[in-house]
Amino acid sequence: MTDNELIEQAKKARQSSYSPYSNFAVGAALLSDDGQVFLGCNVENASYGLTNCAERTAIFKAVSEGKHQFKKLVIIGDTVGPISPCGACRQVINEFCAPDMPILMVNLKGDVVQTSIGELLPYSFGPSDLA
Ligand code: THU
């Protein structure tokens with residue numbers, strides 16, 4: 001699975017976005033260690049606060065199907081620069097993804113920035129703190 005293929009998958013996931021309140025569609029594609037791709041979109045709610053972001057949707061789908069090991073995450077939105085995950089998503093990504101696992105932040109213009117949760121959430125609180 002190439003980066004471009006995973007980006008196309010995230011774009012496809014974005015088309016399922018349920019975002020009638022913000023009209024801001026986001027897609028995510030999460031590659032597991034065994035090569036499976038889990039797609040996610042943002043799912044909004046009339047109560048606003050219950051909105052689930054695309055990244056968390058993809059992660060929760062994968063975890064609910066027994067996958068805990070991941071190789072790559074792509075996030076895509078129609079932003080000026082590459083879309084950056086919110087704080088809540090960073091904490092959830094930190095729970096399941098290695099500090100150096102590639103995260104591709106992408107926009108519809110084709111801008112791509114590769115980062116990692118180690119860069120996005122330094123000095124994090126995570127599973128090892130409770131061990
Ligand atoms: N959103 C995501 O799904 N992922 C992000 O990384 C940023 C924000 C969603 C949440 C909400 O549905 C909409 O984008 C506007 O904030």
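In each ligand, atom 1 is the first atom listed, and ligand 1 is the first ligand listed.
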Asp3 and Lys72 ion-paired at < 4.0 Å: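 A salt bridge links Asp3 with Lys72.
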
Examine distances only and state if a side-chain atom of Arg90 and a backbone atom of Ile117 form a donor-acceptor pair shorter than 3.5 Å. no

For Thr57 and Asn42, indicate whether the former's side chain and the latter's backbone hold a donor-acceptor pair under 3.5 Å. no

Under a 4.0 angstrom heavy-atom cut-off, which atoms of ligand 1 come close to [X]?
X	result
Val26	1 (N), 2 (C), 3 (O), 4 (N), 9 (C), 14 (O)
Thr51	10 (C), 11 (C), 12 (O)
Glu44	11 (C), 12 (O), 13 (C)
Ser84	6 (O)
Ser22	13 (C), 15 (C)

Any idea which heavy atoms bring [X] and [Y] closest together, and the distance?
X	Y	result
Cys86	Glu55	N-OE2, 4.3 Å
Ser84	Met105	CA-SD, 3.9 Å
Lys71	Pro102	O-CD, 3.3 Å

Pairs of nitrogen or oxygen atoms closer than 3.5 Å, one from [X] and one from ligand 1: do any exist?
X	answer
Glu55	yes
Ser19	no
Asn52	no
Ala54	yes

Check Cys89 against ligand 1 and report side chain, backbone, both or neither, counting heavy atoms closer than 4.0 Å.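 For Cys89, no heavy atom sits under 4.0 Å from ligand 1.
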
Do Ser32 and Asp34 meet the criterion of a side-chain donor-acceptor pair at a distance under 3.5 Å? yes

Between Glu44 and Ser22, do the side chains contain an N or O donor and an N or O acceptor separated by less than 3.5 Å? yes

Nearest protein heavy atom to atom 4 (N) of ligand 1: under 4.0 Å?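 Yes; the ligand atom in question has protein heavy-atom contact below 4.0 Å.
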
Option whose closest heavy atom lies nearest to atom 8 (C) of ligand 1, chosen from Gly77, Cys53, Pro85: Cys53

Which residue owns the protein heavy atom closest to atom 9 (C) of ligand 1, what's the atom, and how far is it?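 Protein heavy atom with the smallest distance to atom 9 (C) of ligand 1: Asn42 ND2, 3.6 Å.
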
Looking only at protein heavy atoms, which one is nearest to atom 14 (O) of ligand 1, and what is the separation? Phe24 CD2, 3.3 Å

Rounded to the nearest 0.5 Å, what's the gap from CD on Glu119 to CD1 on Ile103? Could you check? 9.0 Å

